[in-house]
2 protein chains.
Amino acid sequence: MNRQQLIQQIREKQSFLCVGLDTDLNKIPQCIIDEAKAKDGEDYVFRALCEFNAFIIDATAPYCVAYKPNLAFYEAYGVDGIMAFEATIDYLKEEYPNHFIIADAKRGDIGNTSKMYAKTFFEQYDVDALTVAPYMGEDSVTPFLGYDDKWVILLALTSNKGSHDFQLLQVDSSQLTIDSSNPSQSSTVNCQLSTKERLFEKVLRQSQQWGTEENMMYVVGATQGQMFEDIRRVAPNHFLLVPGVGAQGGSLQEVCRYGMTKDCGLLVNSSRGIIYASQGEDFAEVAGLKAKELQQEMAAELAKL
Amino acid sequence: MNRQQLIQQIREKQSFLCVGLDTDLNKIPQCIIDEAKAKDGEDYVFRALCEFNAFIIDATAPYCVAYKPNLAFYEAYGVDGIMAFEATIDYLKEEYPNHFIIADAKRGDIGNTSKMYAKTFFEQYDVDALTVAPYMGEDSVTPFLGYDDKWVILLALTSNKGSHDFQLLQVDSSQLTIDSSNPSQSSTVNCQLSTKERLFEKVLRQSQQWGTEENMMYVVGATQGQMFEDIRRVAPNHFLLVPGVGAQGGSLQEVCRYGMTKDCGLLVNSSRGIIYASQGEDFAEVAGLKAKELQQEMAAELAKL
C-alpha cells in the first residue's frame with residue numbers, strides 16, 4: 001500500500017488506529033482454547049491462535065486501518081506459531097485487502113542478512129511494512145527499501161523505559177576538537193560543536209538520506225508526549241507508528257496535539273487494551289467496542305485538521 | 001553452557017572457532033538439492049537444509065567450539081526453514097552436546113515482548129546464546145538474562161560499513177552545560193563534559209550494570225582491527241563474538257593481538273568462508289579443511305598466552 005492509499009483509508013474510516021495482534025495463549029479466552037482442543041486435541045495451538053485473531057479482526061476491522069502482528073508472540077509457538085502468523089496474513093489479505101499490515105519484528109543485520117529478512121517479509125509474507133532496528137546503520141536498513149509500496153518502520157524513540165538508556169543521549173556528529181591547553185582543568189574543555197542532537201534525532205535525520213516519506217516511517221512511543229514536537233522538527237511529514245497508548249499509559253490527545261500533520265501522519269497502535277479488554281465469551285464484542293471508542297476519539301482529532 | 005565449560009572446550013580443542021550456519025539454498029551444492037528432490041520431490045527444502053547442515057557440522061565439529069545458525073536464512077523458507085532450524089539444533093544437541101549454540105537473531109523489544117523471545121530461544125529451542133540489539137535499552141535486554149548458563153550476546157561494534165553511522169558517534173552521558181554568555185560566538189561553547197565516549201563504548205559500559213561476564217558477551221566485528229584495544233579498556237574480560245573474518249575481510253591475527261584475554265575471551269566466527277568454500281561434491285571435506293586451517297592459526301595464537 002502506498003502513502004496516498006493509506007491517507008485515503010484514514011479519511012474514509014476516520015481512523016488512524018492500528019490493532020496489535022500480540023496473541024498469547026495465556027491471555028486469550030478459555031472458550032477459544034476449549035473449542036480448539038475439542039476439534040484438534042493436543043494440536044490445538046494453530047487453531048486457537050488463528051480463531052482468536054479472526055474474531056478480533058472481524059470485530060475491529062471497521063474501526064482501524066492497520067494490523068500489527070508481533071512476531072515474538074508467533075515465534076514462541078514454533079512451527080505452529082509461524083503457520084498461524086501466515087494464516088492470519090492470508091486471512092487479512094483475503095477478507096480485508098484495504099488494511100495495512102505491519103510485521104512487528106524489529107529486524108536489522110548486515111546487508112546480506114537484511115536482504116534475506118526483506119525477502120521473507122516483503123516477498124514471502126507480502127506484508128506492507130516491517131519494523132527495523134537502526135543500530136547497525138545504513139546497509140542494515142537499505143535492503144528493505146527496494147520494494148515498491150513497502151515500508152520500513154525504523155525505531156526512533158520507543159515507548160519503554162529503556163528508551164532513555166541510549167536513544168536520548170546527546171550525540172555529536174561533528175569532529176570534536178578539544179582545547180587541552182590547561183590539562184589541570186580536565187573537566188572543562190573548549191569544544192567545537194557544529195551539530196548537537198540526541199541519538200533518536202540523529203537516527204531520524206541520517207535515515208532520511210536512505211529512504212523517503214513514501215517508504216519510511218518511524219516508531220515513536222506515545223509515552224514520550226511533548227517529544228513529538230522535537231520529532232516533527234526533524235521529520236515533519238513522515239508517518240509515525242505510535243505504540244504505547246493504553247496499557248503503557250500514553251495519551252492519544254497529547255500525541256495528536258504534538259504529532260499530527262495535515263495528512264494525519266500517525267498510526268496509533270493499541271494491542272493489549274483492545275484484544276484483551278475482556279477474557280470472557282464477549283471478548284470480540286468488547287474488543288470491537290474498545291476499537292470503536294478509539295476510532296471516535298480519532299475522528300474528533302481528524303476533524304480539527 | 002557456562003563460562004568455565006566454554007573456556008575448557010577452547011583449551012581442549014585449541015580452537016575458538018564458531019562456524020556460522022547461514023544456509024542458503026542458492027549457495028549449497030547442487031548434489032544436496034538433487035538428492036533432497038529425489039527423496040521428497042517438491043517438498044525438498046527441509047531435507048536439503050538439514051542435510052547440508054549435518055554434513056557441514058560433521059566435517060567441522062573437531063575444529064570448532066560453537067555453531068551460529070543465522071535465523072534470517074531459516075525464516076526465509078517459512079515453516080520448512082523453522083523446522084530445519086529446530087532439527088539442526090536437535091542434531092547438534094544430540095551428536096555434539098559440548099558445542100556452544102548461538103542463535104543469531106538480533107532480537108530486542110519492549111519487556112513483555114523480549115520475554116517472549118527469551119522463552120522461545122532459551123526454553124523452546126534451548127540454545128546457549130542469543131544475539132540481541134541494544135537500541136531499546138535495559139528492559140529490552142534483561143528478560144534474556146534470567147536463565148542459568150544462557151547468554152546474551154549484545155551488539156556493540158558490528159562488522160559492517162553501517163556500524164559507522166551510529167555506533168561510532170561521540171555521546172555525552174553527562175548533562176551538557178552550555179555557556180552562551182556571548183551568543184555571537186555560537187559555534188564555540190564552553191561545556192562541562194564529565195563522560196565522553198562513543199556509543200558502542202556507552203553500550204559496553206551501561207550493559208555491564210545489567211549482566212555479568214558469566215551471562216553477557218558482545219558482538220565486535222573483526223573488521224574493526226585496533227578498536228579491540230578500546231573495547232578491552234571498557235570490557236577487559238567479557239567474551240567477544242567476532243564476525244567478519246574471511247568473506248568480510250577481518251584479520252584473525254589483528255583480532256587476537258588486540259582482543260585476546262588470558263581466558264582467550266574470543267569466539268571468532270566464519271560463515272561463508274567455510275560453508276561455501278566449495279560448491280562441488282567435496283563441499284564438506286573442503287569446509288573441514290578450511291575450519292582446520294583456522295583452528296591451527298587459533299592454536300598458534302592460544303600458544304602465545
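In this text the structure is predicted, and so the values were computed from the model without any measurement. Here is the naming used below: chain letters follow the sequence lines, and residue numbers restart at 1 for every chain.
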Those residues that, when tested against [X], pass salt bridge (charged side-chain N to carboxylate O under 4.0 Å, His left out) (two or more places apart):
X: A/K68; value: A/D104
X: B/D126; value: B/K93, B/K150
X: A/D230; value: A/R198, A/R233

Examine whether an atom of [X] lies under 4.5 Å from a heavy atom of chain B, and if so say whether it belongs to the side chain, the backbone or both; otherwise answer neither.
X: A/S159; answer: side chain
X: A/P134; answer: both
X: A/V141; answer: neither
X: A/L168; answer: neither
X: A/F200; answer: both
X: A/E123; answer: neither

Rounded distance (nearest 0.5 Å) linking atom [atom1] of [X] with atom [atom2] of [Y]:
X: A/D80; Y: B/I82; atom1: CG; atom2: CD1; answer: 12.0 Å
X: A/D109; Y: B/T158; atom1: CG; atom2: OG1; answer: 8.5 Å
X: B/K196; Y: A/D172; atom1: NZ; atom2: CG; answer: 5.0 Å

Using a 4.5 angstrom heavy-atom cutoff, name the option from [options] with the most pairs to chain A.
options: B/L155, B/L157, B/T142, B/D22; value: B/L155
options: B/Q167, B/E138, B/E86; value: B/Q167
options: B/I110, B/D24, B/V79; value: B/V79

Report the option among [options] that has the most heavy-atom pairs separated by less than 4.5 Å from atoms of chain B.
options: A/A133, A/A105, A/A156; value: A/A156
options: A/N70, A/L71, A/N160, A/T131; value: A/N160
options: A/G78, A/S140, A/G221, A/S163; value: A/G78

[Y] side chain reached by [X] side chain, heavy atoms, under 4.5 Å:
X: A/E75; Y: B/Q124; value: no
X: A/R107; Y: B/R107; value: yes
X: B/K106; Y: A/M136; value: yes
X: B/V171; Y: A/F166; value: no
X: B/L199; Y: A/L169; value: yes

So does A/D165 get a backbone contact from the side chain of B/Q206, meaning a donor-acceptor N/O pair under 3.5 Å?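 Here the side-chain-to-backbone pair does not exist.
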Quick check against the 3.5 Å criterion: does B/D139 have a side-chain atom that pairs as donor or acceptor with the backbone of A/G162?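 Such a contact is found between B/D139 side chain and A/G162 backbone.
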Using a 4.5 Å heavy-atom cutoff, which residues in residues 112-121 of chain B come close to chain A?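 Expected list: B/N112, B/T113, B/M116, B/Y117, B/K119, B/T120, B/F121.
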